[in-house]
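Since the structure is predicted, the reported quantities are computational estimates derived from the model, not experimental observations. Start at 1 and go down the list; that is how both ligands and their atoms are numbered.
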Amino acid sequence: MPQPDPATSADTGAPTEAVAPAEAVAPLMRGVAVLHRLTEANGVLSLSALERATGLARSTVDRIVATLARMGYVRLDGRDAILTPRVMELGNAYLAALRLPALLSARADGLADELDESVSLAVADRDGIRFIHQATRRRAMSLSFRIGDLLPAERTAPGPLFATEWTDEEWHSWRTRRTTDPQNHNFPTVPPSPQSRRNDRDDDAEEDEEEAFARRTAGAASTDYALDDQLIEPGLVAVSVPVRDPRTARIACVANVVSHTSRHTAASLRETLLPRLRAAVSAMEDDLRQASPPHPGPPPAGLATWTGASKQELGREFVESLARGLTVLTAFGEGRAELTLTEVAKATGLARATARRALITYEHLGLVTPTPHRTFALTPRVLALGFPPLSRTSLPRIAAPHMATLADEIQETTSLAVLTERGDEIQYTARATASHVMSVDITVGTRLPAHGTSMGRILVPKTGDAPPPYALTDEELEQGVRAIAVPIHDRTGQVIAALNAATHVARRTTEECVHVLLPALLSTASHIETDLHTASRFTRFPLT
Ligand code: PHB
């Protein structure tokens with residue numbers, strides 16, 4: 001399949017888009033391009049692949065990646081640049097400002113449980129739709145999209161609903177996009193359009209498709225729902241209903257029930273599930289009506305000082321204008337959905353002129369939009385900066401790189417475990433071994449009784465007790481093995497896993513375990529928790 005031309009991807013603007021304004025910050029545009037390319041590549045690209053994909057010089061790629069690594073958005077593993085969970089703070093800023101996931105996701109999840117089908121929420125993104133929530137049922141025979149994925153409006157059920165609100169200008173840009181990209185190559189997450197695949201140069205077929213979408217839009221306008229009968233791929237069917245903003249009566253987002261032809265036809269979706277979807281949507285609209293005002297969180301602290309210090313330390317390798325520009329996106333959030341230039345400057349600690357140029361750059365890139373109230377707001381496209389690949393993660397995947405660093409540092413084996421459903425045994429979920437060290441041979445998946453293990457004591461505290469800050473076991477389960485474990489907490493403060501280091505009695509005394517291993521374990525646990533809390537703010541993923 002031909003690769004999308006990096007210069008024409010839907011997430012970086014059509015080729016006809018205006019040239020960058022003179023005040024746009026070039027390093028910030030390059031940094032954003034690197035994040036886009038990494039996202040499209042599912043989160044990993046070698047530096048040389050990045051060089052090819054962006055068309056940038058290798059030295060520029062190196063400096064951008066070094067800067068993104070310093071910000072904690074990317075890590076380097078050999079020759080690969082890999083997106084890290086921290087980059088999700090950009091998408092989180094958009095989702096928090098939007099508030100819809102916080103207000104509506106519980107209803108969407110409830111509906112998915114009730115129907116035993118996947119339920120999603122999508123917003124309009126120019127002539128596409130972008131997912132802001134997914135309550136996915138794991139099944140064979142179904143492709144499911146991730147939070148942040150962008151689909152062409154005409155191949156979805158929400159598309160015609162959003163198109164009922166399009167202006168002539170928006171219809172015009174949709175037609176232009178259809179002409180320049182008939183096969184949807186600019187939407188890397190959807191299979192190429194089957195119609196166009198059948199006959200590339202069939203103008204009549206093209207016209208039919210345009211008419212079909214106009215017809216579906218007219219239908220959506222009169223019925224207030226829409227269907228997707230296998231427009232994305234064979235077997236995939238969906239029914240959608242708009243969730244209206246109670247203040248403006250405009251569509252805030254669209255709720256979708258997604259199924260497979262092995263369970264439902266498009267017609268049976270409409271007959272059996274549409275009424276229940278409508279009921280859920282009307283409850284969602286009540287929730288929006290009754291929502292209390294947002295609680296503005298604190299603006300990011302001390303970022304401008306931080307970028308200055310990093311520049312001092314890294315010199316040429318640190319692209320300060322990129323780091324400063326990226327902090328502008330994190331100024332937005334819950335209760336901070338629309339900010340004036342002055343507010344952005346104040347929240348980030350940037351000079352007004354610097355904040356202004358960053359906003360001009362983002363407006364050009366379609367990541368920020370001016371509002372009628374002389375303020376700026378983030379657009380859904382911010383989700384294309386790393387969110388989709390990272391939204392399908394797991395605790396072991398989040399922990400793995402931190403555990404590898406720890407194992408290297410302490411030269412001991414480190415493991416992660418959770419409590420099983422039985423409640424009296426633990427299961428190993430991740431492991432990192434130090435090179436050249438003879439290690440206790442326990443593989444991922446192993447179950448052990450909780451009582452004799454350091455991690456078990458963290459996960460099953462004695463009745464009535466709060467989980468201990470750490471637990472040490474001395475040759476209890478196995479002779480010669482000494483282990484020390486610390487808790488991993490979720491966003492609410494609950495202990496959800498334990499991290500340990502295991503050593504041999506001959507290698508470390510009990511005192512050494514407490515004075516050397518414990519501080520390293522606590523610091524690693526805190527790094528894992530930071531990533532976990534960022535990644536789990538708007539997405540659900542397994543702990544195993
Ligand atoms: C989805 O949530 O995966 C979905 C929603 C609407 C569609 C297709 C897929 O039309």
Those atoms of ligand 1 less than 4.0 Å from some heavy atom in Phe145: 3 (O)
Exam field: side chain Arg270 to backbone Leu227, donor-acceptor pair closer than 3.5 Å: no
For Asp228, the ligand 1 atoms with a heavy-atom partner under 4.0 Å come out as 7 (C), 8 (C), 10 (O)
In terms of heavy-atom contacts, does NE2 of His172 have more than 12 from other residues, nucleotides or ligands at under 6.0 Å? no
Backbone or side-chain N or O of Asn256 under 3.5 Å from ligand 1 N or O: no
Atoms of ligand 1 close to Ser120 [distance to a heavy atom under 4.0 angstrom, numbered from 1]: 1 (C), 2 (O), 5 (C)
Given the options Arg137, Arg107, Arg276, Asp113 meets salt bridge (charged side-chain N to carboxylate O under 4.0 Å, His left out) only with Arg137
Side chains of Thr534 and Glu89 only: does a donor on one sit below 3.5 Å from an acceptor on the other? no
Say whether, by atom type as modelled, one donor and one acceptor occur between the side chain of Arg130 and the main chain of Pro380 under 3.5 angstrom. yes
So for Thr156 against ligand 1, with non-hydrogen atoms under 4.0 Å, the contacting part is both
Tell me yes or no: between the side chains of Arg392 and Ser144, is some donor less than 3.5 Å from an acceptor? yes
Distance under 4.0 Å to a non-hydrogen atom of Ala238: what atoms of ligand 1 satisfy this? 6 (C), 7 (C), 10 (O)
Is the shortest distance from a heavy atom of Arg155 to ligand 1 less than 4.0 Å? no
Can you list the ligand 1 atoms lying under 4.0 Å from a non-hydrogen atom of Val258? 1 (C), 2 (O), 3 (O), 4 (C), 5 (C)
Give yes or no for whether the N/O distance cutoff of 3.5 Å, strictly under, is met between Leu151 and ligand 1. no
Using a strict 4.0 Å threshold on nitrogen-to-oxygen distance, state whether Asp116 and Arg263 make a salt bridge. no
Does Pro158 come within less than 4.0 Å of ligand 1, judged by its heavy atoms? yes
Regarding Thr371 and Thr375, do their side chains bring together a donor and an acceptor under 3.5 Å, going by distance alone? yes
Need the ligand 1 atom indices (1-based, order shown) with element for anything under 4.0 Å from a heavy-atom of Ile232. 8 (C)
